[in-house]
**Q** 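Sharing a structure with you now.
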Protein chains: 2
Amino acid sequence: MTSQAQTSTRRDELLAIAAELFATKGFKNTTVRDIADAAGILSGSLYHHFDSKESMVDEILSSFQEELFGKYAEIVAGDADPRAKLDAAVRVSFEAIDRHRNEVAIFQNEADYLGTFERFAYLADRNQQSRDVWHALLNEGVSSGALRQDLDIELVYRFIRDTVWVAVRWYRPGAKLSHTDIANQYLTILLDGITS
Amino acid sequence: MTSQAQTSTRRDELLAIAAELFATKGFKNTTVRDIADAAGILSGSLYHHFDSKESMVDEILSSFQEELFGKYAEIVAGDADPRAKLDAAVRVSFEAIDRHRNEVAIFQNEADYLGTFERFAYLADRNQQSRDVWHALLNEGVSSGALRQDLDIELVYRFIRDTVWVAVRWYRPGAKLSHTDIANQYLTILLDGITS
DNA sequence: GTCTATAGACCGATAGAC
DNA sequence: GTCTATCGGTCTATAGAC
């Protein structure tokens, strides 16, 4: 293994430690000393790896979002029927919560605040991109007759988006219910309601 | 009007200004100078009215929660049928978002962090109390036959709680959809689903 | 009730030794 | 790649004048 690979591994370790803290305590509320302490080094040493605290959260968020939106794009471009596409998009989202809990939590909690800086303008773009994906899936569903005609699409989009992502607040990998169980129950409620 | 009442009014003004900032920028990310600036005074002058920044957020949260849980208690104790009670609890919650946007936002964003201090231990109690209310309403619904038997009550509770309260992120009073419109659409989805 | 002035702590970031 | 040492800035909170 080259020293290049070693460096890259160490960077990733530090980013993972930072992500855990940003997700738990918040970006502003996490100090570089917190991150360094958790990594067993001193705060000044972090600046050998990263320009600033902002660079760390930037790297964490942008690499995660690239992965997630790649998956959404595949679903939208696919040729499954509308209901199956909606199903797949919901499942991919709960899977992202399972695999990238910290990244999702940071995006949920900090996007509004970070978005005020030019550096993080791409966060607003991603939000718009996400809205486009869900609107497309819901409109396909309505025009194909799979979904009710009387729905306010924008409102349904918000309910789906919010309910899916907010699960990151309580979901813990390895708990009684897997992310697949949760997606199943959630899709049942969303599609058919809770009345008997 | 007595000087007592004047003092109380000024306190309330300052609390409202602080609540707006805490809700928008976050508690930790709002400085006492921010609050003072918005009020047109200097930061030191705030300490004539309040012990600390923590006291401000404490007062904001506790008085709001007292009001909200009073309403939940009335609904639970009432003699409406299970479905009407569930309906009422959802409507009261969206109404709270309409009337106390900042307070709800602060609770949503900061409860986890603030809850780590003894002073805010009551936040965890309120969470448990909320869980009890919704579980009671949902269990009544299932045993009366109004709701499906195959629901995971804890999961349904979380979905309702999350979806209702997270609306504070995008709901703005005076927008196209009133809080009643939103409650209507939300109850439709929750009760009957989005499929045709 | 607000101001002036400042204490004391903590913050992000840097320079240079090892 | 980490440490020592520290700078300049900002934070909450206080003391006392007006």
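Per chain, numbering begins at 1; letters A, B, ... match sequence-line order.
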**Q** Write down the distance between CE (M56(B)) and C1' (dC11(D)), rounded to a whole number of angstrom.
**A**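 These atoms are roughly 14 Å apart.
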**Q** Could you tell me the separation between the NZ atom of K53(A) and the P atom of dC11(C), rounded to a whole number of Å?
**A**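 The distance from NZ of K53(A) to P of dC11(C) comes to 9 Å, rounded to the nearest Å.
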**Q** Please state how far atom CG in L42(B) lies from atom P in dA15(D), giving the value in whole angstrom units.
**A** 18 Å
**Q** Can we say D150(A) and R148(A) salt-bridge, meaning some charged N sits less than 4.0 Å from an Asp/Glu carboxylate O?
**A** yes
**Q** If you only use heavy atoms from C-beta on, which nucleotide in dA13(C), dC3(C), dT12(D) is closest to the side chain of I41(B)?
**A**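 The answer is dC3(C).
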**Q** The side chain of V32(A) lies closest to which of these nucleotides: dC11(D), dG12(C), dG1(C)?
**A** dG12(C)
**Q** How long is the line joining NE2 of H48(B) and P of dT4(C), in whole Å?
**A**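 Rounded to the whole Å, the gap is 17 Å.
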**Q** Assess whether a salt bridge exists between R33(B) and D37(B), defined as any Lys/Arg side-chain N lying under 4.0 Å from an Asp/Glu carboxylate O.
**A**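 Result for this pair is no, no salt bridge flagged.
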**Q** Flag yes if F117(A) and I106(A) sit in one hydrophobic cluster, no otherwise; membership is Ile, Leu, Val, Met, Phe, Trp, Tyr, and two members link when side-chain heavy atoms are under 4.5 Å apart.
**A** yes
**Q** Under a 3.5 Å distance rule, please check whether T116(A) uses its side chain to pair with a backbone N or O of Y113(A) as donor and acceptor.
**A** yes
**Q** Between F50(A) (CZ) and dT14(C) (C1'), how many Å, whole number?
**A**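 In whole Å, dT14(C) C1' and F50(A) CZ are 17 Å from each other.
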**Q** Are there over 12 heavy-atom neighbours, none belonging to D112(B), within less than 6.0 Å of that residue's CG?
**A** no
**Q** What nucleic acid atoms does S55(A) come within less than 4.0 Å of, heavy atoms only: base, sugar-phosphate, or nothing?
**A** nothing
**Q** Reading DNA chain D from 5' onward, which residue's closest nucleotide shows up sooner: S45(B) or T31(B)?
**A** T31(B)
**Q** Atom NZ of K28(B) to atom C1' of dC11(C): distance rounded to whole Å?
**A** 10 Å
**Q** Of the listed nucleotides (dC3(D), dG1(C), dC11(D)), which one gets closest to any side-chain atom of R33(B)?
**A**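 Between dC3(D), dG1(C), dC11(D), the one nearest the side chain of R33(B) would be dC11(D).
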**Q** Could you tell me how far apart D34(B) (CG) and dT12(D) (P) are, to the nearest whole angstrom?
**A** 8 Å
**Q** Side-chain N or O of Y47(B) versus OP1/OP2 of dA13(D): is the shortest distance under 4.0 Å?
**A**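 Checking dA13(D) against Y47(B), a side-chain N or O does come within under 4.0 Å of OP1 or OP2.
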**Q** Between atom NE2 in H49(B) and atom C1' in dC3(C), what is the gap in whole Å?
**A**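 Going from NE2 in H49(B) over to C1' in dC3(C) covers 12 Å.
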**Q** Measure from the side-chain heavy atoms of S43(A) and tell me the nearest of dC3(D), dG1(D), dA13(C).
**A** dA13(C)
**Q** With respect to the phosphate group of dT2(C), does any side-chain polar atom (N or O) of R10(B) fall under 4.0 Å of OP1 or OP2?
**A**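 For dT2(C), OP1 or OP2 has a side-chain N or O of R10(B) closer than 4.0 Å.
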**Q** On the nucleotide dT12(D), are OP1 or OP2 found under 4.0 Å from the side-chain N or O atoms that S52(B) carries?
**A** no
